Structures are given as C-alpha cells and as structure tokens.
Amino acid sequence: MNVIERIEISQHQCELDPPFPAAWDSQPRQKFPAAIVRVIDSEGREGIGSGDAMYGFDDFRSLFIGQDPLAIERHSAVIDNIGFHAGRCWPLEVALWDLIGKIKAQPLWQLLGGTSSRLKAYASSGTHRPTEQVVALAEQIRDAGIPAMKLRFGRHRLDDDLAVLAAVRNAVGKELDLMVDCNQGWRMPWDTQAPWDLAKASEVAEELIHHNVLWMEEPLYRGDYPGMRALNDLTGERLKIAGGEMTREPYEFREMLRQQCLDVYQPDAVCSIGLLGLSRLAKEVTTAGKWFTPHTWGNGIGLAANLHLTAGAVGPEGCPYLEYPFDPPEWTPEVRDFPLTTAIKPDAEGWLTLSDEPGLGITLDEARLAATRANRATWQ
C-alpha cells in the first residue's frame, strides 16, 4: 500500500530590494518569507504546499506518517484539529492535494469540481503611493488587459484616500472595475488602532458609491456581524461588501451567510479551512447568490492553490475576479512567485488559465530555494 513516508518543511526569506511598504504594515518589509511543505509518498512522488508558517506542526507529524495519502477527509479533519491546539497548518493540506493530483494524474481544478480551468484576474495593489504613481499603476493595469484593480485605504487622512480614488477613476473612467480594501478586519500584532465603527464605514461607503466602486472590503472588524449586516442593508445593490480573508471557522462563514453580512466571501485556502472545506463552502456561498473570491496575498503556490480551488469549485460565474497581487516595482510576479520556476501571469485579456498538468501544475525553483533557505519565517 502506498503511504505518506515523510513530511518536510523548510523556511525561506527572499530579500526585498527595495523594501515593500505594505499598506497594512507600518514597518516596510525587508524580506518575503515562505514556508515550503513537501509530502513524499512511499513511491517517491512529492506534493508541495505553502502559505502559513506551519508553527507547531512538528508535534503532530506522526499523525500523518504511514497514512494513505488519498485519505483527504481524514487529513483535513486532523489539520483542523491541529489549528485548535497549535498553529494553522493548511499548507500541508495543499501539499496533500497536490500529491493526490499526481497520484491520480489529474489537475486540482478537476478534482475540486471541474467547473472551469480559468478565471479573470483583478490586480491587487498593496501600498499607499503618491496619487500620480497610483494613477500610473492603474493605467499600466488597464493597458495590460487586466479588467479590475483594488486600491488600499488607510492613509493618515481619509480625504487623501478619497483623492487617490477620484484621480484613478478620472484617469481610467469605466475601463477598470475598482475595489477598495479598507483593512479594518484585522491588525498586525503591534497595531492597536481601533477599527471603524458603523457610522464611519457608512460615511466611507457613500463616497465609494459616488465613485462607482464594485466592492468595499473589510470595512469593519471581522466579528462585527450586526455592523456588516447593517452596512450591507444600507448599500444594497449600490456597493458590494466583502470580507472574511482571515476568518478561521466554517461556522463563522455560515453565520455571516445567515445574517446576510457579505456579498463577497474571501477565505484563503492556505490560511483557513483548506481546499476541501472551502470547495464546499464556495458552493454554499454561490448558491446563496454571493461571490466567492479568495484572498491570495502570498506566494505563487498559494495563488495557484486558490486559483485551482475557485476555478474548479465555482468558476467565473461564482467568481468574476480572482485576486492577483501586483504592485511594482517591489511586488512583481517574479518576486511574489520566487519559489517557482515560472511566475503566474494573466494573459492579454486578463485570464489566469490553469493547465491539465497533475496536481497544482507548478514546479519549484530548487536553486532559488537553496539560496533563500532561512531559519526564520518573518518579514524582517
């Protein structure tokens, strides 16, 4: 019988030159960390995953060694239990799915539902740049054929955020759909600033509606269900409310669905619930008439996993746009996807298209991984 023979985890740090000034982080990021997870079966096949740092996993490795790699229901349940007792180990589930795809000689998008092999990208910026630079980026995105762009709020003055939004809308007109990430749902460990309340979020929402924004992301604290419901009632068909990128549990999403909190659901398979659980949740979300479009702000392995998940489970009808992190000069596809031999890029019409290669269909850049090997999983 083929079994899981070993699980290897390595940490890597890619130097960021210049440093990346993430909008949600007051400390410019000097390095880009990546945890690479490899699951090797007794026949020598290897599945790969990446995402969360896999803290606390070593104490639970024995729960998988010697097990059937195809027993994904069992493995996903164990990983969920580990998340309660220790850290989030969902990158392991991605690696197991990649291995399953290689065993069965099928791409993940087929194993996860087979709805589609492609999705439209939206370019997701991650910085607070001067207005003219944001406008130039928007024009670059439009000219590249990508049909939508997400801006980040959170400057020192809301008026400055709104001025950037107005300038971008004036520059691109109706040629780009625009989204706005308010970054109120969660905080970095050292950031104790209170999130917006409903009154503030409602004020901002009316401004976004004025500029024909498609969705307003993370406008309130992630656990403020009554506030999200009230905001969603207020905006109605004029503006979609998005969130859930760091929500942990299926029951939380189902409660948000029950209370009509969101129009757009954004859980990331490498951070919470995993590919198996999210493939099921995605169908619940779209059955309820909502959109399912995961957060993907990590490296190319996580991007590939969420692309397979969403294309396979719900396709373009349930996910009109998938997040594509892009904010040069610091955040290019080559930097973002440094663990891979080939960066993931949309075509000239903005489509991210998956191949029929088994599993994730990606290849690790072993030389680059060797050169970036580290003993830390931090951004500094």
Side-chain angles (χ1 to χ4, degrees), residues 24-25 51-56 76-77 79-94 124 126 150 152 154 179-189 191 194-198 201 215-232 240-298 302-303 305-306 309-310 313-314 318-319 321-323 325:
W24 57 92
D25 191 342
D52 239 37
M54 296 286 291
Y55 294 133
S76 185
I79 293 168
D80 184 52
N81 290 339
I82 293 171
F84 175 80
H85 292 280
R88 297 182 294 185
C89 294
W90 294 109
L92 172 60
E93 199 223 27
V94 172
S124 180
K150 186 164 74 182
R152 301 276 175 170
M179 303 84 151
V180 167
D181 191 338
C182 303
N183 281 130
Q184 300 298 312
W186 56 275
R187 292 282 185 255
M188 298 298 292
D191 186 352
W196 293 346
D197 60 13
L198 177 59
W215 79 56
M216 181 186 196
E217 184 170 328
E218 302 284 355
L220 295 165
Y221 173 67
R222 64 186 180 276
D224 185 1
Y225 298 168
M228 285 188 275
R229 168 63 186 269
L231 183 63
N232 210 353
K240 294 183 182 297
I241 304 301
E245 67 184 43
M246 292 300 173
T247 299
R248 294 284 193 92
E249 302 285 352
Y251 69 82
E252 295 177 278
F253 285 106
R254 294 189 176 104
E255 184 61 17
M256 285 192 284
L257 277 169
R258 188 185 71 81
Q259 294 197 34
Q260 297 288 312
C261 293
L262 302 174
D263 302 296
V264 183
Y265 287 75
Q266 300 175 303
D268 187 328
V270 302
C271 295
S272 60
I273 303 177
L275 292 166
L276 179 65
L278 288 185
S279 66
R280 294 167 176 168
L281 177 65
K283 293 181 175 66
E284 293 181 44
V285 167
T286 56
T287 297
K290 314 299 183 182
W291 289 350
F292 180 88
T293 173
H295 166 276
T296 68
W297 200 278
L303 174 57
N306 281 294
L309 159 69
T310 312
V314 300
C319 175
Y321 299 121
L322 185 80
E323 183 172 39

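Being a predicted model, the structure only gives us computed values, none of them experimental.
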Peer 1: Rounded to the nearest 0.5 Å, how far does OG of S272 lie from CG of D52?
Peer 2: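 One finds 9.0 Å between CG of D52 and OG of S272.
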Peer 1: Nearest heavy-atom pair of L322 and T293: which atoms, and what distance?
Peer 2: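 Heavy atoms of L322 and T293 come nearest at CA-OG1, 3.7 Å.
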Peer 1: Begin from the C-alpha positions of K240 and L262 and carry the test side chain to side chain contact (heavy atoms under 4.5 Å, CB included) through to its verdict.
Peer 2: CA-CA 7 Å; K240 294 183 182 297; L262 302 174; over 6 Å; no
Peer 1: Just to verify, which of R258, Q260, M256 counts as forming a side chain to side chain contact (heavy atoms under 4.5 Å, CB included) with Y225?
Peer 2: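 Only one of R258, Q260, M256 forms a side chain to side chain contact (heavy atoms under 4.5 Å, CB included) with Y225, namely M256.
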Peer 1: What's the separation between atom CG in L231 and atom CG in D197, rounded to the nearest 0.5 Å?
Peer 2: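 One gets 11.0 Å once the value is rounded to the nearest 0.5 Å.
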Peer 1: What I'd like to find out is whether the side chain of C182 reaches to under 4.5 Å of the side chain of E217, using heavy atoms alone.
Peer 2: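 No - every pair of side-chain heavy atoms lies 4.5 Å or more apart.
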Peer 1: Check the pair E93, V270 against side chain to side chain contact (heavy atoms under 4.5 Å, CB included), reporting the backbone distance first and the verdict last.
Peer 2: CA-CA 8 Å; E93 199 223 27; V270 302; over 6 Å; no
Peer 1: At their closest point, which heavy atom of K283 faces which heavy atom of V314, and how far apart are they?
Peer 2: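 Heavy atoms of K283 and V314 come nearest at N-CG1, 4.2 Å.
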Peer 1: Check the pair L92 / M54 against side chain to side chain contact (heavy atoms under 4.5 Å, CB included), numbers first and verdict last.
Peer 2: CA-CA 8 Å; L92 172 60; M54 296 286 291; 3.9 Å; yes
Peer 1: First locate atom CG of D181, then atom CE of M216, and finally report the distance between them rounded to the nearest 0.5 Å.
Peer 2: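 The CG atom of D181 sits 10.5 Å away from the CE atom of M216.
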Peer 1: Write down the atom of R187, the atom of P195, and the distance for their closest heavy-atom approach.
Peer 2: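 Reported closest heavy-atom pair: NH2-CA, 3.6 Å.
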Peer 1: Could you measure the distance from the CG atom of D263 to the CG atom of N232? Nearest 0.5 Å is fine.
Peer 2: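 It comes to 4.0 Å.
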Peer 1: Could you grab the distance from atom CG of L275 to atom OG of S76, nearest 0.5 Å is fine?
Peer 2: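 If I round to the nearest 0.5 Å, the distance is 8.5 Å.
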Peer 1: Would you mind reporting whether P189 and D191 have side-chain heavy atoms less than 4.5 Å apart?
Peer 2: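 They are not in contact (no side-chain heavy atoms under 4.5 Å apart), so the answer is no.
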Peer 1: Counting C-beta onward and ignoring hydrogens, is there a side-chain heavy-atom pair between R152 and S124 closer than 4.5 Å?
Peer 2: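 Yes. Closest side-chain heavy atoms under 4.5 Å.
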Peer 1: Assess, by modelled atom type and distance only, whether the side chains of T247 and E252 contain a donor and an acceptor separated by less than 3.5 Å.
Peer 2: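 Looking only at side-chain atoms, E252 and T247 do not form any donor-acceptor pair under 3.5 Å.
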Peer 1: Hey, are the side chains of E245 and D268 touching, using non-hydrogen atoms and a 4.5 Å cut-off?
Peer 2: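 In short, these two side chains do not touch, never coming nearer than 4.5 Å.
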Peer 1: If you round to the nearest 0.5 Å, how far is OG1 of T287 from CG of L257?
Peer 2: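 L257 atom CG to T287 atom OG1 measures 10.0 Å (nearest 0.5 Å).
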Peer 1: Do the side chains of P219 and Q184 get nearer than 4.5 Å, heavy atoms only?
Peer 2: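 Side-chain contact under 4.5 Å: no.
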Peer 1: Determine the minimum heavy-atom distance between I273 and L281, stating which atoms define it.
Peer 2: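 Looking at all heavy atoms of both residues, the closest pair is CD1-CD2, 4.4 Å.
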Peer 1: Within the structure provided, determine whether I241 and V264 are in side-chain contact (heavy-atom separation under 4.5 Å).
Peer 2: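 With C-beta onward as the side chain, the pair stays apart.
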Peer 1: Ignoring hydrogens and angles, tell me if any N or O in the side chain of N306 forms a donor-acceptor pair with the backbone of G302 under 3.5 Å.
Peer 2: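 Looks like yes, one N/O pair under 3.5 Å.
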Peer 1: Tell me which pairs pass ring pair (Phe, Tyr, Trp, His ring centres under 6.0 Å) where either residue lies in residues 273-297, with sequence neighbours left out.
Peer 2: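 Checked against ring pair (Phe, Tyr, Trp, His ring centres under 6.0 Å) - neighbours excluded - the pairs reaching residues 273-297 are W24-W297, W297-W331.
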Peer 1: Mind listing the closest non-hydrogen atom pair of T310 and C319 along with its distance?
Peer 2: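 Nearest heavy atoms, T310 then C319: CG2-CB, 3.5 Å.
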Peer 1: Minimum heavy-atom separation for C271 and W90, please, with both atom names.
Peer 2: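 That closest heavy-atom pairing would be O-CD1, 3.5 Å.
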Peer 1: Does a side-chain heavy-atom distance below 4.5 Å link Q266 with P294?
Peer 2: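 No. Closest side-chain heavy atoms not under 4.5 Å.
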Peer 1: Would W186 and E218 count as a side chain to side chain donor-acceptor pair (under 3.5 Å) if you check the C-alpha gap in whole Å, the side-chain angles of each, and the deciding distance to 0.1 Å?
Peer 2: CA-CA 8 Å; W186 56 275; E218 302 284 355; 5.1 Å; no
Peer 1: For a side chain to side chain contact (heavy atoms under 4.5 Å, CB included) check, start with the C-alpha distance between Q259 and M228, then their side-chain angles and the critical distance, and finish with the verdict.
Peer 2: CA-CA 9 Å; Q259 294 197 34; M228 285 188 275; over 6 Å; no
